[in-house]
Structure formats: structure tokens, C-alpha cells
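Written out below as C-alpha cells is the structure these notes cover.
Only a predicted model underlies this, so the values are computations on that prediction, with no experimental measurement involved.
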Amino acid sequence: MAEIAVQFVIQKLLDFLTNQAYFLEGVHERVTSLEEKLEEIRDLLKHFDGKRRKNVVVKRWVGQVRDVASDAEDIIDSYIFNIAQQRGETSAGFMRILGSFSRRITDIPAICQVGKKISDIERRLSEILSNRPELGIDNISASREASSSSDQTYTWRGERASIAEEADVVGVEDETKTLVGRLIEGDARRAVISITGMGGIGKTTLAKKVYNNVDIKKNFDFHAWVSVSQEHRLTEIFLSILKSLGRNERETMAEEDLGKQLYDHLEGKKYLVVIDDIWTRDAWNGLVSAFPDMQKGSRVLLTTRNEEIAKYADAQSTPHKMHFLNESESWELFHKKALPGNLAPPCLPNLEELGGKIVAKCGGLPLAIAVIGGVLSRKEKSVNEWYKVLTSLEWHLHESEDAISGILALSYHDLPYYLKPCFLYFGAFPEDSEIRADDLIKLWIAEGFVQQRGGEELEDVAEDYLNELINRSMIQVARRKSNGTVERCRIHDLLRDLSISEGKEERFLDVHGNIAPTSQTMARRLAITSGGISKSLSLYRSTLHLRSLLHFGGISETLEKPQLKILLGAFKLLRVIDLQNVLLSSLQDEIGYMIHLRYLRLKVIQILPSTITRLSNLQTLDLHCPEFNMQPDDIWKMEQIRHLLLPWGCSISKRTPLHHLSNLQTLKVAKADSWIEAGLEKLTNLRDLELHDLEMASSHSVCKLVRLRTLSLITRSGCSIPIFESFSNHQHLYKMTLSGRLEKFLDLHEFPPNLTELHLIGSQIQQDPMGTLEKLPNLRILRLRQHHTSAIRMSKEVQAYMGKEMVCSAGGFLQLESLSIHAAELKEWRVEEGAMPNLKFLEMLGCKRLKMIPDGLQHVTTLKELKLTMIAEELTERVGENEGEDWYKIRHIPSLIIY
């Protein structure tokens, strides 16, 4: 990570020296000299990227570079913080602070002092460069030329549609069939079926194929999936299972009460619960009492590395042991990963022998094959390149304790230098967690990992970084958005272990979990994945090196004033604070002095200070709190802000000069006042816009924001959404949420041309909207829902569609995959043959006047799940299995859920 540290310091150091030229003798010559040294070192780092594991001398040299770069950063950041604090500056920008220093005579001693420290940095850099002959390179131009190929960033947009996903598994068809039979057949008792095997062998992949099997969906009333991990908490597990079953309970409920809630919910039903990656007997003992045994044929499916736990959970059930892939299966998986697309092995006969040797080193382990295939997928398809990988693989296998560790280590060291910190960052997230891609990208940018690439937005470059990690099989896609981009991702626990160990060695990241830490490290980032924030903070009382504080634990905890004082005092140089699961009792004015902050995500239960608007370098501000004391007129001072998510009750004054926010891409404001008309259209770079309490007369400003990707306009129940102009020029707008009465429904040509997801909530549409919506060429998700309100439940006044008839025509909704209809007045729904040919999920909620299922649904053979909730008793009888009059229309659907 030394190259990233050097890159980050170069610009900061040079900007600092340039602005203080008045006070430092010979500064211009030193600036030039220092620039050359830093760039020379950066080029050397890129050249030796990946080689330090094999060369002790290089490894030590890289460590020296990392340390001196970190020291330089600490010197500059501390100086800027101290000067700003002494003056009580509001910090109207990094360069503005620096530029103002030269006018203060009282600052001369401080500037000279920091100048001496920087001179020492320059001396240390000279010593480092003088050791260059030990590395085997005397000609720096040669290293620059050699590193040029590794200094490239790639654009993956053309490949996104073909990204390999979990469907690319091989060799589990027979095992899937066997396990499905064991789950469906057998005794009426609640049985526990276990899948056992070593890490990376594909236990979770097999369990997912079984869980999503058509016959499984038909045979169980309720299905739930939960991942346990080593740092599990029973409260989190119970909450996760209840959420899978459609129940959202309070986090504050006691563990015992949650277990009882789960037991009561499952009692009397035939259920399947998958418990993925269970590690200990204690974990099973804590869970088993929540699973009733009512002799209904219910099942629990476990995955575990420990066969003894499987036998302990159910002595009557023989564990299913995962087998290694055979030679043909191994080659099939390898080919999918290393040679994606239609490139068949016979087209590359010279590579088959090398490929066979590489595959043989993986020993039939799917994770190892997928990862090494990901390495080769980015290499030139030549004998020379593949031979290099084989040679490197043999060295890593020799140096590692086991085969899988060596292969995963190779996959990490083969990453381009710009992807390494992005990969290591995954160690900060809890094991088995699904990570929001948008949040991850914001964090990467705030950390300085993402490099500018031409005129592209940093968010687009970061998205390509993530896609490259996915293509390399280092990261998995958990869920995609309706437009095909990544919504959530995950990392295999073995690769996460690698990221944590490498991150610790690089002083990149320190991870604290359930096990209480005993000593501090010199890592630049601290991640708390499960509780213990007070204990963790107590180890860092006097440190200045920490730049990021992350808490992603599953259950919220409270940080009281004494601990908060430590946070604001000792961690004054932080760039990233993400305490999304920490409740802060309050937040002092001192937050305004943390002028280096670029990312701030907080959950506060009391009023925030207005000084938060002093954070002029902030890129992301994400706040969750019931009260808010921020002065909206001061938002314009945060000139670097890119993502602004404000809490309930916060509005923006009409006087706010929003044109200063030229970088703003995300805006979520709970109260949209009159400022909309005057200022919204000035935010020309907005991509994601969410406005609440919308009460304006027109949407002229919204329609001018042609870069929008998502748009949510939400009014109070019963209020109307303004009349729209056309969205035909919004080429990037793929998701729209309109919550409120629509005075006028959009014509077909007024919709965004590439719309893939549409939510209409409480729209009170009088005419059948399907005739228009079914012609949208790219629509994949459609929700017609009632307005969310506790005061009015399923009331006619808050329905999306008020009519009694609905028609889906032949050839309509060609791309639609998911449809939800909440229409209390609907009496007749006709689906013509040939309509919705790709529909997979259908939900009917509160359609109490609908008496029969449309005949045309029998022709929608792609349907996987039909959910009927709060429907008429007559309709319930008509869909009764085998005997109902409408059963023949839906009997092909694997999962039928009736509430």
C-alpha cells in the first residue's frame, strides 16, 4: 500500500510547500527536488508491485517508503489542524486555509518548524533512493517503462452483461438432487441435514442451489436463510431469520424474546431454515430451541466445516460430505473463469497443457480454481504469460502452509496496485455480510484509492474497480440493480481472512471483533465488526496516525460522552468516520475542527451542532437522527460535498446558493421547500435525487436534471405530485419512485427511454395504466402500491390504481420480471396469452374484490413465485391446491404463498 500512500502525499506535500514559499528559504528548488524523488519512488513501487513477497530486500524497502510517506502525511495534517484550531477557522477549503497562512506573522514559527520536519522527510527519501542498487535497478527510466503497463486502469463497461456469477458452478447437479430428496422425503420429525467440507469447497453454493430449487419451494410453507459466522450473536441471527419470514422486530428486544417470537411464528408450519457456516456447538444450542418440532416434516439445513457439529445437531442424520471436483469438472470451471465467452479450448491448443498443470495444482477445490481462473482472465492468452502464472503459483504454494492459502495469496499479489487497497478494504466488513456497492464506492473515494481517469466521475472509475475484482473472482455479486449494475456484494470468508492478514502486515487495517483487543497497532484504519467500540477506542487514546474509524457491527451500541471525547480528541486527523450502528448521545461542536473529514456517517439521538457545516473537505454526509440543528444556509460552504443525505425535518432555505455544490451527485432531503424552484436546477451533476414533503406547483427543475439515474418524489398522504414535463431526455434515469397523487399520468413518450424500475405509490390513477406501462421497452420491476401510512391502512384514498379493470395485452411487458399490485378496487384482471413472457415474481396485495386468477397466467411459464396477501375468501378457495377452480392456472408456479 506504499504506492497509494506516496501518491496521496505527493499532491498534499507539494501544495503545502508551494503555498508557504514566502517563509521557507530555497523552497522552489526543494519542491522540485522533492517532487522528483517522490515520483521516482512511486515508479519504483509500481515496478516492484507484487515482487516484495519473493524478495526480502524489496519488502523491507517498501516498508521504509510506507513509513516515511505516513510520517509526511501526519506532519502536514497535524500542522493544518493545529493552526485551524488555534484561530477558530471555519475551514472554507483546504487550499483556502493554506493560502491564508502566509498573511499571519504569528504563523512563521510554526511554518518553519514544519519546514524542518519536511526537510527530514526529504533526507529520508534521499537515503531510500540511495539504496536503489540493492534492488537491482540503476536506470529509473527502465523502471518507468516497465511499470507503464501496470499503471493502466481498465474500463469494464462493455463486459458487465457477461460478468460470471454464482450460476457458473459445476459438479453439483447430482448432489443437489440428492439433498432435495432428503429434505422433502423422510420422517415427519424436524430433521437436520448437514453439508460438511473444507473452506472453499462449495458448501454455500450447493446450499443455495438446493434452497432455490423448484421442488423445495413447493414443499415448504416458509423458507429462511441466515449466515452465522465465527463472530455471531444470537440476537442478530434471530432478527435475520425473522426478517426472511417477513417480520421486522426491534433490535432492542431481548435475545430470549426474539427466540420465542421465531418459535411462535414457525409453530404449526412446515418450514425450511438454512443455517450457513455454523462453527460451534454453542451456536447450535442457542438456536435449536427456536425451531419447533410439530411433526410437519420441517427441516434445518446446516453448512459447516466441522463434521462433529453436524453429528451433534442431529445424530440420526448422516452429514453430506462435499467432494472435490474431478478432472473434467475442474477444467470446466477453470475454462469458464479463465476463458470467458465463447472461446473453446480447441482454439488454444498450446494452452491446454499449461492450463491442465495449473488446474492440477488446485486439487479440485472450486474456490481455488475460480480465483486462479480470475487471475488468468486478465492475462494475455499466450504460453509465455500462462507459464509465468504457473511458475509464480508453484512458488506461492511452496511458501504457504496449504494449497488454498498459496493460490489466494497469488491472486492478491497479482492484482494491479490500484486494486490492492480496494480489496483489503473488504476486511473491514463483518464476515458473511452483504455490502452495499454504493457505500463501498463512496468509502473508496474518500480514502483516496480511486484515481482520476480523464474526464470520468470518480464514482464511475470506482465502479469499474469493483467490476474488475468481480471478474477476477475475488468478490462475489450478492444482488444486482434493475439496470444490471451491482447493488450488493460479498467476499468469501477465506478471501476475507487474506485481506485481514495482508492488511495487518501492511499496517493498512486493524480489525476488532468479539474478542477484546489487547494492544494497538500502527494501522491507518480501525474497523470494529462486532461490538466493543469503547474497548477499542481506549487503545487509541494518544494516536495521530489513525485516518479511518469504521463500525459495521450487526447490533447498535451507544457511545457516551467520555468515549466521544476520546474520538474527537485523539482522532482529530480522521478522514473517514462511519458509525452507522453506533448511537451517539450527542455530538460536540469540536466536530467542526476535524477539517480532514471526507466521509461522515452517523446515527445521533440528539441534536447535532451547526459546526458540522465547517467540514469543507467533506464528500459524503449521511445523517440519521430525529432532531437536527444544522443551518441549511451553510451547506454551500461544503464545496467538496458529493453525497448529501439529510435527516427528517431538515430543509434548505431558498437563499442557499446551491450553485456552489457543483460536485453534488446524491441529494436526499426530507423536506422540499421553495428552494426547489430557485436552486435545484443548478445541481447539474445530480445522479440520485430523493425529495420528501413535496408541495411545489411544478417539476420544471427536476426535469432539467438530465444526468439523474434514480428519482424519488414523496409527498404526504393525500397530497399531489406536481405535473411533469417530459423525461424523454433522461437517458440515464433507470429507477423512478412517485409517491403521491398524480394529477396527470405520463404519456409513453414522456417516460425515461431506459426506465427499468418504476414504483407508483398512492398515485390514485383512474384509468388503467397498463396500456402505457406495458410498452416501456426495458421495464423489469413494477410496483403499484398503497401509500405507506399507519393512519390509513389499505384505504381506497391511498391506492396506486383506483379502477376496477386491468388488462395486460399480448406482447406487452416483454422485459418485466417482477410485478406487485396493491389495488383494493380491482375486480377484473385480464392477462392475454403472450403478455409478460419473462415474469418471475407476482404479488397481489389487498385485492379483496378480485374473484378469480387471470386465465393468461397459465401461459406465463417463467413465474417462480406467486404471493397472495389479504385477498377475498372466494379467491382463496379458487386457488386451493388440486381442488380449486383456478388451480390449473397456477399449478406450474413453484412457490405459492397465501396470507
Side-chain angles (χ1 to χ4, degrees), residues 1-9 41-42 44-71 73-74 128 135 199 230 371 375 392-393 395-429 431 444 447-449 469 472 474-475 491-513 515 517-529 536 539-540 543 545-550:
M1 297 309 99
E3 55 270 24
I4 294 295
V6 170
Q7 178 67 39
F8 193 82
V9 171
I41 287 175
R42 180 183 58 188
L44 279 168
L45 287 168
K46 292 177 182 178
H47 176 74
F48 285 109
D49 185 42
K51 296 182 175 69
R52 53 187 157 175
R53 185 177 178 91
K54 298 181 182 181
N55 191 314
V56 176
V57 176
V58 172
K59 185 175 182 179
R60 183 171 62 248
W61 185 84
V62 170
Q64 293 172 353
V65 172
R66 178 194 62 226
D67 292 344
V68 73
S70 298
D71 289 346
E73 184 182 12
D74 291 346
I128 288 173
L135 307 179
Q230 296 183 71
V371 168
V375 171
S392 182
L393 177 59
W395 184 89
H396 279 84
L397 291 175
H398 179 266
E399 291 294 311
S400 300
E401 296 180 0
D402 54 73
I404 184 64
S405 297
I407 293 169
L408 297 185
L410 169 62
S411 68
Y412 167 70
H413 290 290
D414 185 72
L415 289 174
Y417 75 93
Y418 58 87
L419 283 185
K420 287 183 176 178
C422 298
F423 171 75
L424 295 186
Y425 213 76
F426 281 91
F429 296 90
E431 185 179 349
W444 281 354
E447 293 279 6
F449 301 158
L469 287 171
R472 289 172 171 269
M474 302 291 282
I475 303 300
I491 183 171
H492 192 281
D493 55 358
L494 292 180
L495 283 163
R496 177 177 178 268
D497 291 343
L498 174 68
S499 70
I500 291 174
S501 62
E502 291 286 348
K504 187 173 184 179
E505 182 178 346
E506 296 281 355
R507 298 183 183 176
F508 175 87
L509 174 69
D510 195 10
V511 180
H512 291 182
I515 300 175
T518 56
S519 62
Q520 65 175 342
T521 68
M522 291 299 291
R524 307 294 278 183
R525 296 160 190 85
L526 170 63
I528 304 166
T529 59
S536 295
L539 295 175
Y540 287 81
T543 60
H545 63 271
L546 206 64
R547 289 301 186 277
S548 302
L549 177 62
L550 311 164

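Residues satisfying the side-chain contact (heavy atoms from CB on, under 4.5 Å) test with L550, not counting sequence neighbours, are Y425, A428, L443, A527, F552, V576, D578. Not counting sequence neighbours, S499 has no partner by the side chain to side chain donor-acceptor pair (under 3.5 Å) test. The side chain to side chain donor-acceptor pair (under 3.5 Å) search around R524 returns E73, D74, not counting sequence neighbours.
In this structure, the separation between CD1 on I500 and CG on L495 is 11.5 Å, given to the nearest 0.5 Å. Summarising the geometry, atom NE2 belonging to H413 is positioned 5.0 Å from atom NE2 belonging to H396; distances are rounded to the nearest 0.5 Å. Distance check: L415 CG to L469 CG gives 6.5 Å after rounding to the nearest 0.5 Å. Rounding to the nearest 0.5 Å gives a distance of 5.5 Å between CG of L549 and CG of L526. Rounding to the nearest 0.5 Å places OG of S405 at 12.5 Å from CG of L410.
Between R496 and T529, the shortest heavy-atom distance links the atoms NH2-CG2, 3.9 Å. Contact detail for C422 and F449: the closest heavy-atom pair is SG-CB, 4.1 Å. A pairwise comparison of heavy atoms in L498 and L408 identifies CD2-O, 3.3 Å as the closest pair. In this structure, L424 and E502 approach most closely via the heavy-atom pair CD2-CB, 3.8 Å. Nearest heavy atom pair, residue R472 against residue D414, reads NH1-OD2, 3.2 Å. Looking at every heavy atom in both residues, S411 comes nearest to V371 through CB-CG1, 3.0 Å.
In this structure, R507 contributes its side chain and E505 its backbone to no donor-acceptor pair below 3.5 Å.
Using bins of under 30°, 30° to 60° and over 60° for the plane-to-plane angle, the ring pair W444/F426 lands in the perpendicular bin.
The pair R525-E447 counts as a salt bridge, with a side-chain nitrogen and a carboxylate oxygen less than 4.0 angstrom apart.
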